[in-house]
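Here is the structure we will look at, set down as structure tokens.
Side chains are part of it too, since the values below use all heavy atoms of this structure and drop only hydrogens, waters and symmetry mates. In what follows, chains carry the letters A, B, and so on, assigned in the order in which the sequence lines appear, proteins first and then strands, with residues in each chain numbered from 1.
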Protein chains: 2
Amino acid sequence: MGLAKTEMFTDEQNEISLFAKVFGHPARVAILQHLFELDSCICGDLVNEIGLAQPTISQHLKELKQLGLIKGNVEGTSVCYCIDKDNWSSMKNIMIKFLDQDIPNTDCC
Amino acid sequence: MGLAKTEMFTDEQNEISLFAKVFGHPARVAILQHLFELDSCICGDLVNEIGLAQPTISQHLKELKQLGLIKGNVEGTSVCYCIDKDNWSSMKNIMIKFLDQDIPNTDCC
DNA sequence: TTGTTTCATTGCAATATTACGATATATAAA
DNA sequence: TTTATATATCGTAATATTGCAATGAAACAA
């Protein structure tokens, strides 16, 4: 099938999985790390620093933008991409809440 | 293609994306939340509580187990699954380090 | 032994993802 | 206007993922 049955899960479960899915490719992780380190902000620089073709990077940027985690700013013929602080922060809260749960003490495993 | 070019990314970037990918499906998020809440630990209970077929749940459990995030314990004819505390903890450190980076102050966006 | 229960594995169809060449679009420069 | 540069979009091939019916394997009960 290749199609997740989202209707049988909670909104929270679907939201966590959507955020996680966008981090589920090393190119998108690399793009975000570059934006965090600010050694590139312009789309073309990302294409040069990461070794993928320009349409591929553009496609990954689009997915990050669709989730609201980055935003783009046109500057002449080039586009500057940056982390969207507010949206990143609320995503972070949701993900950390999931990751940082207390692990129950069981005797079965 | 459908194939990530992992050789062009750092080990850290690949590791983050592998962990994220396993959280990229709501069924696996749901399984983990059940294990955190301890209202089910036995594979068959998970099948009942989540609405997917038994082979599907079994496959998702396998992926979580392959990454070391859960471990299973055979009890008679049933199997008890639990979070692997140590591995979860080290995964958590890696993911939170990625999520909790300082966002640079730029004037471009 | 035979049957039952529980879970894993296999095989396959449907869909999603990834990557990139070709091309379109938009801005700036000449 | 023409040309160059930068990015987005389209189309498509290759591969991955999801879900489940059918089946297998293992432990227990009768």
Point to revise | Nearest-angstrom distance from the residue atom NE2 of H60(A) to P of dT9(D) | key: 15 Å

Exercise for review: Using a cut-off of 6.0 Å, state whether more than 12 heavy atoms not belonging to K97(B) lie near its atom NZ.
Suggested key: no

Review point. In whole Å, what is the span from the CD atom of E75(A) to the C1' atom of dT5(D)?
Key: 15 Å

Review point. Quick one: L64(A) CG to dA8(D) P, roughly how many Å, whole number?
Key: 12 Å

Review point. Nearest-Å distance, CG (N73(A)) to C1' (dT27(C))?
Key: 14 Å

Practice item. Give a yes/no on whether the SG-to-SG distance for C80(A) versus C43(A) is below 2.5 Å. Key: no

Point to revise | Heavy-atom side-chain contact between V29(A) and F9(B) under 4.5 Å | key: no

Review point. F36(A) and I57(A): same hydrophobic cluster, using ILVMFWY side-chain contacts below 4.5 Å?
Key: yes

Point to revise | Spacing between I50(A) atom CD1 and dT18(C) atom C1', to the nearest angstrom | key: 15 Å

Using atom names, set out every protein N or O paired with an N or O of nucleotides 7-17 of chain C below 3.5 Å, distance rounded to 0.1 Å.
{"from": "dC7(C)", "atom 1": "OP1", "to": "G44(B)", "atom 2": "N", "distance (Å)": "3.2"}
{"from": "dC7(C)", "atom 1": "OP1", "to": "V79(B)", "atom 2": "N", "distance (Å)": "3.2"}
{"from": "dC7(C)", "atom 1": "OP2", "to": "G44(B)", "atom 2": "N", "distance (Å)": "2.9"}
{"from": "dA8(C)", "atom 1": "OP1", "to": "Y81(B)", "atom 2": "OH", "distance (Å)": "2.2"}
{"from": "dA8(C)", "atom 1": "OP2", "to": "S58(B)", "atom 2": "OG", "distance (Å)": "2.7"}
{"from": "dA8(C)", "atom 1": "N7", "to": "Q54(B)", "atom 2": "NE2", "distance (Å)": "2.6"}
{"from": "dA8(C)", "atom 1": "N6", "to": "Q54(B)", "atom 2": "OE1", "distance (Å)": "3.0"}
{"from": "dA13(C)", "atom 1": "N1", "to": "M1(A)", "atom 2": "N", "distance (Å)": "3.3"}
{"from": "dA13(C)", "atom 1": "N3", "to": "M1(A)", "atom 2": "N", "distance (Å)": "3.4"}
{"from": "dA14(C)", "atom 1": "N3", "to": "M1(A)", "atom 2": "N", "distance (Å)": "2.5"}
{"from": "dA14(C)", "atom 1": "N3", "to": "M1(A)", "atom 2": "O", "distance (Å)": "2.6"}
{"from": "dA14(C)", "atom 1": "N3", "to": "G2(A)", "atom 2": "N", "distance (Å)": "3.4"}
{"from": "dT15(C)", "atom 1": "O4'", "to": "M1(A)", "atom 2": "O", "distance (Å)": "2.3"}
{"from": "dT15(C)", "atom 1": "N1", "to": "M1(A)", "atom 2": "O", "distance (Å)": "3.4"}
{"from": "dA16(C)", "atom 1": "O4'", "to": "G2(A)", "atom 2": "O", "distance (Å)": "3.4"}
{"from": "dT17(C)", "atom 1": "OP1", "to": "K21(A)", "atom 2": "NZ", "distance (Å)": "3.3"}
{"from": "dT17(C)", "atom 1": "O2", "to": "G2(B)", "atom 2": "N", "distance (Å)": "3.4"}

Point to revise | Side-chain touch D100(B)/M95(A), heavy atoms, less than 4.5 angstrom | key: no

Point to revise | Any donor-acceptor pair under 3.5 Å from N87(A) side chain to G68(A) backbone | key: yes

Exercise for review: Map A27(A) and G76(A) onto DNA chain C by nearest heavy atom, then report which one ends up closer to the 5' terminus.
Suggested key: A27(A)

